[in-house]
Every structure is written in structure tokens, then in C-alpha cells.
Participant: 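I am attaching a structure below and will ask some questions about it afterwards.
Since the structure is predicted, the reported quantities are computational estimates derived from the model, not experimental observations. What's counted below: heavy atoms across the whole structure, side chains too, no hydrogens, waters or symmetry copies.
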Amino acid sequence: MLPDNRLEVRIKAVSQETTTIKRFTFMQTNGEPLPSFSAGSHIIVYMKGKGGELERRYSLVGSPESSCYYQIAVKLQERSSGGSVYLHNNIKVGDILQISFPKNYFLLSFRARHHLFCAAGIGITPFLSMMRELKEQEGSFELHYSTKTKKDCAFYSYLLKEFPQQTHFYFSKEGNRMDPSILTDQYIGTHIYLCGPERFTTSFSHAATAFGYPSTSIHHEYFATPSIYESRPFILELTNGSFLSVPDEKSTLDTLLDAGYHIPYSCKVGRCGTCELPILEGEAEHHDFFLSSKQKESQMSFLPCVSRSRTEKLKIGLY
């Protein structure tokens, strides 16, 4: 039986965008229209993995106005843990998959007077629907898009055709590298949107802060848990008297879920705040993008999907 929070879709088409990127088109198996979504939205695709079911998040690259189908673009990752390999090597036209309803933690800001999109590699995907919406609204925007070579540049022809004045390409192996200096000399009221590898997103985010952009004007999208260097194991104490050992290779949330605790969650990358839990004793090591600086300093709560413990033991309010 299909869970209430999932949709069953059939693969309508698979197209090769580049040598390492494929575009997948879905239609609902029951023939009904798919739920509408807003620009910047993503879905979770549920797939089979060696250790059980895999969950992977992908931006919707099609038009938000279309209710007939969804489209995602997936890059075959060199160090894939199963998701991209499964889609690239196993999925073909006619196959059936389960997906989530659309979710959006990467919304266009209605306060922005100008939108500056910076993408690296497959990070182009959320910006396709965002630029389409802004073009229809005659909004002000520009795209800076970096890949290794022109052959690695997904949607190159489409971008040249639809957004020729707004798009700037950078091909690093051809001597044309994107530099944070593009963030300077922008319009007052510019908002920056970043999507790509964690190193790219983090460096440009830090540069934007150094250039004087307020934190509320810097937006970024992550589909993987942020890298936590020197991750250490710790003991999690629950208010029901139970103790759980959180190993260095597993998140606090996954440890709780594996132990049978039904913790509500959604994004799993520290964006939405759905899994927030109260802290009773100890200090959390915060790695989320949801809590404010003051909330993190207060040590009143934390997000177990990405955050861990700074102390050897962390007691939380969970029965």
C-alpha cells in the first residue's frame, strides 16, 4: 500500500543531457495531475539500496505551471552511495518509482530587487524554474554558471535560447573560472542564491558575508548532509531513562529512527526544523541552517538530522 506522503510515478522519458547527467520525466501512474509546486522546489525519490530504501532529493527542473509531469536532472557521482548509480544504470522508460510531494526550502525572496544566481555543476537545477518564473514576471536576475568544460554544461543550449542576456558561463578547465568578485558592484537590494558542491557554496557564502551582504540576503541549497569534520561518537540520554550510542558515521536522527523512535523529519539537511528536539543537559554542536545564532547559543534545542553533541553525553527531551 502506498504511504499517504508519497506519489507513485511512471518514467515517461529519459534523456542524456551530458555524458554524466540524465534528465528523467515522471507521470503519475493513476493518470491524475501532479501536485503544483513553486520555483526552487524539490522532491524525494525513493529507491532500492543495498542496506534498504534510499532517499535522494532532486530539484524539479520543469515548469511549475505543468501538472502533467515532473522532471529532474541527475548527475552520476563518482563517489555515489547508490542513488545516482541506481537511476543511471537501472531506471528506464516505463519503470515505476515512488516520490514525495514537492517541498521548497529555497524560495525566491519577494524582498529582492535583483536576484544573483551562482551555480556550479549540477547546482544549476533549482535555478531553471526560478529563472523561468522571474522572466514571466519581468523580474531582474542574472545567472553565473560554472562547469569544468562546455561538454559538462547541462542545459547549455536551453539557457542560451531562453536567457541569453542574463546567463554567464565559466569553464574552469578552459581557463575561465568563476570568482567571488562577481558578487561585488551589485544593485542595492540584491539577493544571492548559491547551489553546487559544498566547498563552492561555503566559499561563496563566506565571500558574500565578507563583502557586506546581510545573512538574510544569502540563500543556499544543500541536498546532502553538511560535511562534519572530526565527527565524534557520543551518548544520547532520553528522558525515559534510555541511552543510545551515536557513532561517528551515523546522524543523531538516524540513530533515533533505527532505535524505533518516531521522530518527525523532512529535509534531513538542517533546513526545515521539522526534527527539532529540546536539550535538557549538555551542549549541541550545531550544523543546521534553521536555528538563529541566538537560538544556537541558548542550547535550548537542536536539529538531530545534522547536529551532534559537543559534550560526551547529551540529554534530550524525548520519551
Side-chain angles (χ1 to χ4, degrees), residues 2 6-29 34 37 40-63 66 68-103 106 119-130 145-159 169-173 195-201 221-227 249 254 267-269:
L2 192 68
R6 298 189 186 186
L7 300 167
E8 187 178 72
V9 294
R10 189 185 307 276
I11 305 298
K12 177 186 177 184
V14 180
S15 58
Q16 196 81 43
E17 291 295 324
T18 71
T19 56
T20 59
I21 296 175
K22 285 186 176 181
R23 188 194 322 202
F24 298 86
T25 303
F26 308 141
M27 294 184 67
Q28 200 160 191
T29 55
L34 286 158
F37 66 94
S41 293
H42 71 275
I43 57 171
I44 299 173
V45 179
Y46 302 94
M47 297 165 279
K48 296 178 182 178
K50 292 182 180 179
E53 187 176 66
L54 296 175
E55 298 180 9
R56 294 294 183 270
R57 290 150 181 78
Y58 300 105
S59 294
L60 291 168
V61 300
S63 171
S66 175
C68 298
Y69 60 85
Y70 287 163
Q71 289 186 329
I72 62 172
V74 181
K75 180 178 181 180
L76 181 60
Q77 302 290 349
E78 294 178 0
R79 298 181 179 179
S80 172
S81 57
S84 69
V85 169
Y86 183 83
L87 287 171
H88 272 254
N89 297 343
N90 299 90
I91 295 301
K92 59 186 182 301
V93 173
D95 286 348
I96 294 175
L97 288 173
Q98 291 183 11
I99 65 172
S100 71
F101 285 77
K103 304 177 182 184
F106 199 39
I122 195 62
I124 184 62
T125 52
F127 299 139
L128 297 174
S129 60
M130 298 166 96
Y145 180 20
S146 173
T147 60
K148 292 181 179 179
T149 68
K150 183 178 176 180
K151 290 183 179 180
D152 299 313
C153 190
F155 305 99
Y156 179 79
S157 298
Y158 169 78
L159 292 168
F169 296 103
Y170 304 82
F171 306 126
S172 58
K173 284 192 174 182
C195 190
E198 183 180 348
R199 184 176 179 181
F200 163 83
T201 304
E221 181 71 299
Y222 288 106
F223 287 129
T225 303
S227 297
E249 75 278 2
D254 285 340
C267 73
K268 275 194 169 182
V269 292

Participant: Nearest 0.5 angstrom please: K22 NZ to N89 CG, how far?
Facilitator: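 Going from NZ on K22 over to CG on N89, the span is 7.0 Å.
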
Participant: Which atoms form the tightest heavy-atom contact between F106 and M130, and what is the distance?
Facilitator: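 Here F106 and M130 meet closest at O-CE, 3.4 Å.
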
Participant: Just wondering, do L159 and I124 contact through their side chains at under 4.5 Å, heavy atoms?
Facilitator: yes

Participant: I want to check something: taking the side chain as every heavy atom from C-beta on, are Q71 and T25 in contact at a cut-off of under 4.5 Å?
Facilitator: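 Q71 vs T25: side chains touch.
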
Participant: Would you give the length of the straight line joining atom CG of L34 to atom CD of Q28, rounded to the nearest 0.5 angstrom?
Facilitator: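 One finds 5.0 Å between CG of L34 and CD of Q28.
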
Participant: Find the distance between CD (E221) and OG1 (T201) and round it off to the nearest 0.5 Å.
Facilitator: 9.5 Å

Participant: Mind running side-chain contact (heavy atoms from CB on, under 4.5 Å) on I43 and F37 for me, showing each step along the way?
Facilitator: CA-CA 10 Å; I43 57 171; F37 66 94; over 6 Å; no

Participant: Centroid separation under 6.0 Å, is that true for the rings of Y145 and F155?
Facilitator: no

Participant: Taking C-beta and beyond as the side chain, do K103 and I44 meet within less than 4.5 Å on heavy atoms?
Facilitator: yes

Participant: If I compare all heavy atoms of F101 with all of L7, which pair ends up nearest, and what's the gap?
Facilitator: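 Heavy atoms of F101 and L7 come nearest at CZ-CD2, 3.6 Å.
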
Participant: Closest heavy-atom contact between I21 and A73?
Facilitator: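 For I21 versus A73, the nearest heavy atoms are CG2-CB, 4.2 Å.
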
Participant: Write down the atom of L2, the atom of E8, and the distance for their closest heavy-atom approach.
Facilitator: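 In this case the closest contact between L2 and E8 is CD2-N, 3.8 Å.
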
Participant: Residues in salt bridge (Lys or Arg N to Asp or Glu O under 4.0 Å) with R23, at least two apart?
Facilitator: E17

Participant: Quick one: are V61 and I72 in side-chain contact, heavy atoms under 4.5 Å?
Facilitator: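 Not touching, per the 4.5 Å side-chain cut-off.
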
Participant: Determine, stepwise, if the pair Y58 / T125 fulfils side-chain contact (heavy atoms from CB on, under 4.5 Å).
Facilitator: CA-CA 8 Å; Y58 300 105; T125 52; over 6 Å; no

Participant: Once salt bridge (Lys or Arg N to Asp or Glu O under 4.0 Å) is applied, do any residues pair with D152, and if so which ones, sequence neighbours excluded?
Facilitator: none

Participant: Residues two or more places apart in sequence or in another chain: which of them pass salt bridge (Lys or Arg N to Asp or Glu O under 4.0 Å) with E55?
Facilitator: R57

Participant: Assess, by modelled atom type and distance only, whether the side chains of S84 and Q77 contain a donor and an acceptor separated by less than 3.5 Å.
Facilitator: no

Participant: Test side-chain contact (heavy atoms from CB on, under 4.5 Å) on V74 and V45; report intermediate values, then the result.
Facilitator: CA-CA 11 Å; V74 181; V45 179; over 6 Å; no

Participant: Work out which heavy atom in V93 is nearest to a heavy atom in A13; give both atom names and the distance.
Facilitator: CG2-CA, 3.9 Å

Participant: Could you grab the distance from atom CG of L97 to atom CZ of F24, nearest 0.5 Å is fine?
Facilitator: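 So the gap between those two atoms works out to 9.0 Å.
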
Participant: Taking side chain as C-beta onward, heavy atoms only, is T19 less than 4.5 Å from K151?
Facilitator: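 When only atoms from C-beta onward are counted, K151 and T19 do not touch, as no gap falls below 4.5 Å.
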
Participant: Is the shortest heavy-atom distance from the side chain of Y46 to the side chain of S100 under 4.5 Å?
Facilitator: yes

Participant: Please assess K268 against D254 for the test side-chain contact (heavy atoms from CB on, under 4.5 Å), listing each intermediate value before the final yes or no.
Facilitator: CA-CA 10 Å; K268 275 194 169 182; D254 285 340; 3.4 Å; yes

Participant: Does a side-chain heavy-atom distance below 4.5 Å link F200 with S146?
Facilitator: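 No, their side chains stay 4.5 Å or more apart.
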
Participant: What heavy-atom pair brings H88 and L76 nearest, and what distance separates the two atoms?
Facilitator: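 Taking every non-hydrogen atom into account, NE2-N, 3.4 Å.
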
Participant: Taking the side chain as everything from C-beta on, heavy atoms only, tell me whether F169 gets closer than 4.5 Å to Y156.
Facilitator: yes

